[in-house]
Structures are given as C-alpha cells and as structure tokens.
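Written out below as structure tokens is the structure these notes cover.
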Amino acid sequence: MLQILSTNWHAMRIIRLVLAIIIIVEGIRTNDKLLPIMGFVFLLMAIFNVGCCNTNCSTKNNNSTINNDDTIIYEEIK
C-alpha cells in the first residue's frame, strides 16, 4: 500500500491531486454538498493512481495473427 502511494507520480496524477484540493476547498467555501464529494473522488483517484486517464480502463493489445490464406469471395450486385 505504501508503495502505491509513494511511487509513479506523474503529471496527470499531480493534476488530479491539485484539482481535488481546489474542488474540495471551493465546495466547502460555497457550502455546497456535491462538490466536496466530487473532490474526494478525484482525491482518491490521485492517491491510489486509478482512473481512465492512463491505468485501469485501457484495452489490451490483441497480438493474434491474421491468416491471409483464406480467400474472400465477393459477389457483384447489379
């Protein structure tokens, strides 16, 4: 757990952390109830390094080869 918190700090993770702090402070300042919740979500994303920006929602590369021996037959439609 400590390794997750202390390693792999990059620009997007720092941006999420700064944005979370700004959103939480602004939500408390304006006495809003939804903004601090959204800020805590960004804070958790920054602390645990999760999110669709670079880590969890990426698709895996499919390294399967295409067999070019199969011929495709086309039918002309008039």
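- Looking only at distances, no side-chain donor or acceptor of R16 sits under 3.5 Å from a matching main-chain atom of F42.
- Of all non-hydrogen atoms in P36 and I28, the two that sit nearest each other are CG-N, 4.2 Å.
- The salt bridge (charged side-chain N to carboxylate O under 4.0 Å, His left out) pairs that include a residue from residues 28-48 are E26-R29, where partners are two or more places apart or lie in different chains.
- Residue L43 forms a side-chain contact (heavy atoms from CB on, under 4.5 Å) with just one option from L17, L19, I23, and that option is L17.
- Under the 4.5 Å side-chain heavy-atom criterion for grouping Ile, Leu, Val, Met, Phe, Trp and Tyr, M38 is not connected to I22 through any hydrophobic cluster.
- Note on W9: it clusters hydrophobically with V18, by side-chain heavy-atom contacts below 4.5 Å among ILVMFWY residues.
- You'll find the side chain of N49 reaches within 4.5 Å of the side chain of H10, heavy atoms only.
- Between A20 and G39, the shortest heavy-atom contact is CB-O, 3.4 Å.
- With rounding to the nearest 0.5 Å, the separation of CG in L34 from OG1 in T30 is 10.5 Å.
- If you chain together hydrophobic residues whose side chains sit under 4.5 Å apart, I37 and F40 never meet in one group.
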